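Below: one structure in structure tokens.
All values below were derived from every heavy atom in this structure, side-chain atoms included, with hydrogens, water molecules and symmetry-related copies excluded. So you know, we letter chains A, B, ... as the sequences are listed, proteins then strands, and number each from 1. Nothing here was measured: the structure is a model prediction, and the numbers come from that model.
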Amino acid sequence: MPELPEAETIVRTLSPHIQGRRILTATFLSRRVSDATGSDIAGRHIAGIRRYGKQILIDLDRGLLLVDLRMTGKLLANGQPGPYTRAIFQLDRGAVLFDDIRQFGSIQLLDVEPTKLGPDPLEIHPAKFAERLRVRNTQVKCALLDQKFVRGIGNIYADEALFLARIHPTTRANQLSKQSALALHSAIVKLLNESIALGGSSVSDYVDASGSKGSFQLQHKVYRKEGKPCPQCGEPITRIVVAQRGTHFCPRCQS
DNA sequence: CTTAATGTTCCCCA
DNA sequence: TTGGGGAACATTAA
């Protein structure tokens, strides 16, 4: 799904449309989207919206909605319903659509905070991040993708951060020098913030709540760049598979 | 027809 | 208990 920067952008672009609004009706067009029913949700007020890792939490006057976008989920303000619209929230002013081509996404109605994931990469102290890596006996890319390790990083930013920090994706996390671990933390913070500033990466079909694409994909150095020259040294970018995900890196820069 | 895609979970094996 | 690997979920695009 959208990763941290995309979720953050969706929250920012959707917030002005839904903050303080009342949900008149909620309609689920696909059984897979939710266990909740429209009548469970109708009538509640929206207190606010926030990001939790790469997920989105919509606080209600009673309970909250946990929106998990997975690979192709979208939240759209005042869009036109189409063939992939899976849920419609009619508000007292405007409407919100949940579109999702692949239907991996979901919207859950919770009465308490969701189960806890790892720390937010933009908030964790660099030394704490390094320490978490040090006690992890797994490939560093696997750690980055594990939402219980840190919440919000996905396949794009994992590959880009490992390139920026010059770390091979299959390096054991507990074998990284403290210096490398800190470089990785710094690369992650830099990339996530830069991406947020550019509205996220639109590589597949990501758009924000207004239907606008981000532009951070133009800054990608290795993600989906197999065979293209490394911007640092010219060596062709290599693609391997790690944790069942396409993994892109420079075999010369990322020893 | 085959492969891969911003993700997670479940199941089996060591 | 931890970690690795594969399948599954549903749909599109190259």
Integer-rounded Å distance: B/dA4 P and A/Asp159 CG: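 It works out to 15 Å between those atoms.
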Distance below 4.0 Å between A/Tyr206 side-chain N/O and B/dA5 OP1 or OP2: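 The answer is no; no side-chain N or O of A/Tyr206 sits under 4.0 Å from OP1 or OP2.
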Set of residues satisfying salt bridge (charged side-chain N to carboxylate O under 4.0 Å, His left out) with respect to A/Arg151, sequence neighbours excluded: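 Counting only residues at least two positions away or on another chain, A/Arg151 forms a salt bridge (charged side-chain N to carboxylate O under 4.0 Å, His left out) with A/Asp120.
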Sugar-phosphate only, base, or nothing, as touched by A/Arg245 at under 4.0 Å among non-hydrogen atoms: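 Base, at least one base heavy atom under 4.0 Å.
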Whole-Å distance separating the CE atom of A/Met71 from the P atom of B/dT9: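 Rounding to the nearest Å, CE of A/Met71 and P of B/dT9 are 14 Å apart.
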Test side chain to side chain donor-acceptor pair (under 3.5 Å) applied to A/Arg62 - qualifying residues, sequence neighbours left out: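 Expected list: none.
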Which nucleotides of DNA chain C pair, in dot-bracket form (Watson-Crick or G-U under 3.5 Å, | meaning another strand): .||||||||.||||
d(CZ, A/Phe149; C1', B/dT8) in whole Å: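 That distance rounds to 18 Å.
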Euclidean distance, atom CZ of residue A/Arg239 to atom C1' of B/dA4 [Å, nearest integer]: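 After rounding, the gap between these two atoms is 7 Å.
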Residue list, side chain to side chain contact (heavy atoms under 4.5 Å, CB included) with A/Pro16, at least two apart or on another chain: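 With neighbours one apart ignored, the set is empty.
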Pair A/His220-A/Ser201, side-chain hydrogen bond (donor to acceptor under 3.5 Å, both in side chains): steps then yes or no: CA-CA 9 Å; A/His220 293 173; A/Ser201 300; 2.9 Å; yes
Rounded interatomic separation in angstrom, taking CG from A/Leu69 and C1' from C/dT11: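 For the pair A/Leu69 CG and C/dT11 C1', the rounded distance is 16 Å.
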Gap separating the CG atom of A/Leu164 from the OG atom of A/Ser186, nearest 0.5 angstrom: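 That separation rounds to 7.0 Å.
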Atom pair distance, as rounded to whole Å: NZ in A/Lys148 and C1' in B/dT8: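 To the nearest whole Å, that distance equals 9 Å.
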Any residue meeting side chain to side chain contact (heavy atoms under 4.5 Å, CB included) with A/Arg93, in chain and number order, not counting sequence neighbours: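 Partners of A/Arg93 by the side chain to side chain contact (heavy atoms under 4.5 Å, CB included) criterion, ordered by chain and then number, come out as A/Arg21.
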Closest nucleotide among B/dA5, C/dT11, B/dT8 to the A/Gln147 side chain: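 Between B/dA5, C/dT11, B/dT8, the one nearest the side chain of A/Gln147 would be B/dT8.
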Counterpart residues, side chain to side chain contact (heavy atoms under 4.5 Å, CB included), relative to A/Asp61 (two or more places apart):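 With neighbours one apart ignored, the set is A/Arg44, A/His45.
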Nearest-Å distance for atom pair CG/C1', residues A/Asp146 and B/dT8: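 The answer, rounded to whole Å, is 11 Å.
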Short side-chain N/O contact from A/Lys54 to OP1 or OP2 of B/dT8, under 4.0 Å: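 True: A/Lys54 side-chain N/O within range (under 4.0 Å) of B/dT8 OP1/OP2.
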Members of residues 97-114 of chain A that approach DNA chain C, where some heavy atom sits under 4.0 Å away: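 Output list: A/Ile101, A/Arg102, A/Gln103, A/Phe104.
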Side-chain ion pair, A/Asp159 and A/Lys141, N-O less than 4.0 Å: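 Result for this pair is yes, salt bridge flagged.
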Contacts of type side chain to side chain donor-acceptor pair (under 3.5 Å), residue A/Asp35, not counting sequence neighbours: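 Residues passing side chain to side chain donor-acceptor pair (under 3.5 Å) with A/Asp35: none at all.
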Residues forming a ring pair (Phe, Tyr, Trp, His ring centres under 6.0 Å) with A/His168, sequence neighbours excluded: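 Expected list: A/Phe249.
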Euclidean distance, atom CD of residue A/Glu226 to atom P of B/dT3 [Å, nearest integer]: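 So the CD-P distance, A/Glu226 to B/dT3, works out to 14 Å.
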Separation of the P atoms in B/dT3 and C/dG6, to the nearest angstrom: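 One P to the other, the span is 14 Å.
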Side-chain hydrophobic cluster, 4.5 Å single linkage: members besides A/Tyr84: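 Noted: A/Tyr84 shares its cluster with A/Ile101.
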Test side chain to side chain donor-acceptor pair (under 3.5 Å) applied to A/Glu160 - qualifying residues, sequence neighbours left out: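 Partners of A/Glu160 under the side chain to side chain donor-acceptor pair (under 3.5 Å) test: none.
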Heavy-atom protein contacts under 4.0 Å, nucleotides 1-7 of chain C, coded B base, S sugar-phosphate only, - none: --SS-BB
Sugar-phosphate only, base, or nothing, as touched by A/Tyr157 at under 4.0 Å among non-hydrogen atoms: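 The answer is nothing, as A/Tyr157 stays clear of every strand by at least 4.0 Å.
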